[in-house]
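These notes are about the structure you will find just below.
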Amino acid sequence: MSFERELLMIPGPVEFSPAVMQALGAKTRSHVDPAFIAVFGRALKALRTVCLAPSAQPFVLAGSGTLAMEMAAANLVEPGDRALVVNTGYFSERMARILQCHGAEVVQLRAPAGGVPSLKEVEHALAGARFKLITLTHVDTSTGVLAPVQRLLELAQRHGLLSIVDGVCATAGEVFRQDAWGADVYLTASQKAVGVPPGLALLSVSPRAIAAWKARRTPPRSVYLDFAEWLPVMEAYEAGQPSYFATPPVNLICALEASLQELLAEGMEARFARHTRMALAFRAGWRALGLQMLPLMEDAAAHTLSALYYPEGVDAGVLRSIREEGAILAGGLLPELKTRYFRVGHMNVVSASDVLATVGAVERALWRAGHKVSPGGAVAAAQAALARDA
Ligand code: PMP
């Protein structure tokens, strides 16, 4: 029998706080009710703080992370523009497809699975041809790879490029300072470290990107995603005024505001540090179990999820026993390796107890599957890491 106490430890959606679920389930107000206007306005302001982007224009609309990717592309790309995609996995591939769909000529820099194209390779590509735009995937959820976005953004700025950073699996979990690092669009979705059930596309857009959009020769190839429709709506709500282009997802926005207030109460630096602490404790547990991570280098490993190869003689069937032991995990996603690895999300409200419970569930399931483990060893390793970093 399930008592609904299984931990949802996939890379999104994740576990959400009670206050967020309460806001989601509250009576739906009119989208022009003064109380809702105030909530929406506060959510927009808070998003600026979360992205550490006081100068940026936030956008919040109904949709998923893919819609946020498409909104960035639709507004920044014109037919024939050249875009460089720094490819770190499945979601970088998706970005390339979206850019092409909006008329960009796309060059992709790839690395072996689990790797990141080197700064030298990126520098070489940028020196060899004129690009308008570069796209980076902060954390690619398919590989668990964390890209060195700060250094890549420095390169982009040196070459005068616009930049789009996909933060879907990173925002509010991985360190990111949009203004200081000069990212033009930081985009994300609600269902991961931002802490709200799926359904919101979120973007934080620099003044430079707004200027580039204003200077377009041709209109965006989308009505729903055109900044021209949404900018006045966001400005109005932030100024406490009603506005309408398409009905906002009222309850999700109330839940977003609840979550962002919790994030700000924790503080962004403390939140980044907590995600790092949990990730390091997970890594200690995985190491004790003899599990190999998919990222090729430790410093390219995300703090928001772990991507791990199954050990010898174990396959995806073990995910079912891990669930029976109390933790829901995700399978592989990268087509060429899909059956060989699994993923553990550790975002949002993730705590030391979640780390120990999840490592314990994996340890028991592997033991049941006949993998050589000494029961308690991985939990002890994770616990020691948590104690060290306390
Ligand atoms: N980019 C990344 C890095 C992601 O992890 C995801 C979702 N897992 C997406 C984009 C797409 O987001 P969504 O599924 O919400 O459309």
Side-chain angles (χ1 to χ4, degrees), residues 8-16 51 59-74 83 85-99 101-102 108 110-111 113-114 116 134-149 152 163-176 183 185-204 222 224-225 249 252 255-256 259 275 279 294-295 300-307 328-335 338 341-348 350:
L8 184 58
M9 300 299 283
I10 65 171
V14 299
E15 294 277 341
F16 303 117
C51 296
F59 291 83
V60 174
L61 60 158
S64 75
T66 306
L67 191 93
M69 295 162 85
E70 187 133 21
M71 190 175 197
V85 172
V86 178
N87 188 320
T88 44
Y90 183 91
F91 290 102
S92 309
E93 275 321 314
R94 176 170 297 183
M95 193 71 222
R97 236 182 99 199
I98 291 171
L99 292 165
C101 183
H102 288 272
Q108 295 208 61
R110 295 172 201 274
V116 188
I134 190 167
T135 73
L136 315 173
T137 310
H138 195 177
V139 168
D140 198 294
T141 324
S142 68
T143 53
V145 164
L146 171 70
V149 286
L152 289 166
S163 53
I164 298 176
V165 182
D166 171 352
V168 174
C169 198
T171 310
E174 298 285 356
V175 176
F176 191 78
V185 178
Y186 195 42
L187 65 90
T188 192
S190 50
Q191 72 270 20
K192 303 192 198 223
V194 169
V196 179
L200 291 177
L202 313 169
L203 296 96
S204 176
S222 167
Y224 184 68
L225 296 175
L252 277 167
L256 176 70
S259 187
H275 280 77
L294 200 130
H303 302 98
T304 48
L305 83 153
S306 302
I328 302 174
L329 308 185
L333 186 58
L334 204 62
K338 210 174 153 77
Y341 76 104
F342 66 105
R343 295 170 303 147
V344 184
H346 25 89
M347 282 172 265
N348 191 35
V350 62

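Start at 1 and go down the list; that is how both ligands and their atoms are numbered. Hydrogens, waters and symmetry mates play no part in the numbers below; they use all other heavy atoms, side chains included.
Contact residues of ligand 1 (protein heavy atom closer than 4.0 angstrom to a ligand atom; sorted by chain and number): Ser64, Gly65, Thr66, Met69, Phe91, Arg94, Thr137, Val139, Thr141, Asp166, Val168, Cys169, Gln191, Lys192.
Here the side chain of Lys192 pairs no donor or acceptor atom with the backbone of Ala170 at under 3.5 angstrom. With hydrogens and angles ignored, the 3.5 Å screen pairs a side-chain donor or acceptor of Glu174 with a backbone N or O of His303. In this structure, Thr143 contributes its side chain and Gly114 its backbone to no donor-acceptor pair below 3.5 Å.
No side-chain donor-acceptor contact under 3.5 Å links Thr141 and Arg343.
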Original post:
Are Leu256 and Leu202 close enough, and set up right, to give a side chain to side chain contact (heavy atoms under 4.5 Å, CB included), and what steps lead you there?
Top reply: CA-CA 10 Å; Leu256 176 70; Leu202 313 169; 4.0 Å; yes

**OP:** Could you go through the salt bridge (Lys or Arg N to Asp or Glu O under 4.0 Å) check for Glu93 and Arg110 one step at a time?
**Re:** CA-CA 10 Å; Glu93 275 321 314; Arg110 295 172 201 274; 2.4 Å; yes

